[in-house]
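Counting from 1, the numbers follow the sequence of the chain as shown.
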Amino acid sequence: MKNKLRPIAFLLFAISVASFAHAQQPATPSPLQKNIESYLRRSFALGSDVQITVAAPTEIGNSGLLETNIDVKTAQGSDKVKMYITKDGRYLLRGELSDLTKDPLAENTSRLDLSKSPVLGDPKASITIVEFADFECPVCRNLHDALRGLLPNYPQVKLIFKDFPIDQIHPWARTASLAGRCTYQQDPATFWKFYDFIYDKQDLVSAANVYDKVLDFAGQASLNQDAFKACLASPQATAEVDASLANGNLLEVRSTPTLFVNGRRLVGADPHALQQYIDYELAQQKSGKK
């Protein structure tokens, strides 16, 4: 990633909550919006080649806080983040704002769209891991390796895969996602062979050879090659990948891999944390607690 993006990455990824909703912008930014932009530019050394758009702050109920959506764009890419401001305009807050009157797990679960998603394990398993992943992401490969060792020990768990290719930094991830969708369309069970194939050979795949690599897989898996090629170029496969991305955006997925274990968010490829989440859910179920 180019040097210009490093301070932006620090700004954006240091904040765990983000929003992809676009607020209406006034013709002229208010003094508060201008002050926020100025503060961010000075704090993170963002010059005029970086476009920062601060949305008009809106009140969050009677919390005493305002929230604003901030768009950051450069020639290399763009991102969006949500920040919070005290009503007097003095303090800018970054981080996660939690509403203690709501069940965060139920809210996450209600937003997950699991239709047309590959499932590994018993569909009736009591614990559901939903994985938003990018096939070109090295940390996702680490998670794949961890899951390969972990899941056989937990028949109570099923894994559901969701595409989240990050096109800005991973040039062949989308092609791999399309190939995964096309594999799933022909034979749902074979998707997981594709999942293993891509992560096992990730170091050998590039933007230049990804098309040939996925065709090689289709031949090895005895898929219909003509149908597979047609699917790769079809609007249906593209729409399904885009729908998965949109679902991740709705859930404020900011990086890959991001998991939801019965609705509980886990970012990264920490097998110990994942096992902790699973064991906790099993203990809760054993004790009859929700």
Can you get from V139 to L274 by hopping between Ile, Leu, Val, Met, Phe, Trp and Tyr side chains that sit under 4.5 Å apart?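 As far as the 4.5 Å side-chain criterion goes, L274 and V139 are not connected within one cluster.
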Examine Y277 and Y280 and state if one hydrophobic cluster contains both, with Ile, Leu, Val, Met, Phe, Trp and Tyr joined whenever side-chain heavy atoms are less than 4.5 Å apart.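 No, separate clusters.
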Contact summary for [X] and [Y], nearest pair of heavy atoms:
| X | Y | result |
| --- | --- | --- |
| G268 | L143 | O-CD1, 4.5 Å |
| N153 | G149 | ND2-O, 3.4 Å |
| L250 | R111 | O-NH1, 3.4 Å |
| C137 | H170 | CA-CE1, 3.7 Å |
| C140 | Y199 | CB-OH, 3.4 Å |
| D163 | S244 | O-OG, 2.7 Å |

Taking atom [atom1] of [X] and atom [atom2] of [Y], what is their separation to the nearest 0.5 Å?
| X | Y | atom1 | atom2 | answer |
| --- | --- | --- | --- | --- |
| F164 | L245 | CZ | CG | 5.5 Å |
| T74 | I52 | OG1 | CD1 | 11.0 Å |
| L215 | L232 | CG | CG | 6.5 Å |
| F197 | Q220 | CZ | CD | 5.5 Å |
| R254 | I166 | CZ | CD1 | 9.5 Å |
| R90 | N35 | CZ | CG | 12.5 Å |

Test side chain to side chain contact (heavy atoms under 4.5 Å, CB included) applied to Q156 and E281, step by step: CA-CA 10 Å; Q156 310 94 330; E281 286 295 312; over 6 Å; no
Verdict with reasoning, T258 to L251, per side chain to side chain contact (heavy atoms under 4.5 Å, CB included): CA-CA 10 Å; T258 293; L251 285 147; over 6 Å; no
Would a distance-only check, ignoring hydrogens and angles, find a side-chain to backbone donor-acceptor pair under 3.5 Å from [X] to [Y]?
| X | Y | result |
| --- | --- | --- |
| Q51 | K73 | no |
| D167 | A173 | no |
| N209 | S206 | yes |
| R265 | P104 | no |

Quick one: do Q33 and E37 satisfy side-chain hydrogen bond (donor to acceptor under 3.5 Å, both in side chains)? Show the steps, please. CA-CA 6 Å; Q33 289 167 271; E37 178 184 350; over 6 Å; no
With a 3.5 Å cut-off and sequence neighbours excluded, list the donor-acceptor pairs that the side chains of residues 186-194 form with protein atoms.
from : atom 1 : to   : atom 2 : distance (Å)
Q186 : OE1    : N224 : N      : 2.9
Q186 : NE2    : N224 : O      : 3.0
D187 : OD1    : A189 : N      : 3.4
D187 : OD2    : T190 : OG1    : 2.5
W192 : NE1    : V119 : O      : 3.2

Test side chain to side chain contact (heavy atoms under 4.5 Å, CB included) on I278 and L150; report intermediate values, then the result. CA-CA 10 Å; I278 294 171; L150 186 65; 4.1 Å; yes
C182: disulfide bond (SG atoms under 2.5 Å apart) partners, not counting sequence neighbours: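 Listed in chain order: C231.
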Hey, are K286 and D279 close enough for a salt bridge, meaning a charged N less than 4.0 Å from a carboxylate O?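 Salt bridge flag = no for D279 with K286.
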Are the side chains of [X] and [Y] in touch, meaning some heavy atoms are under 4.5 Å apart?
| X | Y | result |
| --- | --- | --- |
| L259 | E131 | yes |
| H144 | Q202 | no |
| Q285 | N262 | yes |
| L147 | L120 | no |
| K162 | S117 | yes |
| F44 | V72 | no |
| F217 | K201 | no |
| V81 | R94 | no |

Residue from [options] passing side chain to side chain contact (heavy atoms under 4.5 Å, CB included) with [X]:
| X | options | value |
| --- | --- | --- |
| T68 | T58, I85, L32 | I85 |
| F260 | L105, T128, L266, V253 | V253 |
| M83 | L93, V54, L40, L97 | L40 |

Going through the checks in order, is the side chain to side chain contact (heavy atoms under 4.5 Å, CB included) test met by V267 and S255? CA-CA 8 Å; V267 179; S255 62; 3.5 Å; yes
Under a 3.5 Å threshold, yes or no: a donor from one side chain and an acceptor from the other, between T256 and D134?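 The criterion, which ignores hydrogens and geometry beyond distance, is not satisfied for D134 and T256.
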How are the rings of F161 and F135 set to each other: parallel, tilted or perpendicular (split at 30° and 60°)?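 Correct class here is parallel.
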Test salt bridge (charged side-chain N to carboxylate O under 4.0 Å, His left out) applied to D200 and R141, K213, R148, the passing residue: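 Of R141, K213, R148, salt bridge (charged side-chain N to carboxylate O under 4.0 Å, His left out) with D200 is met by R148 alone.
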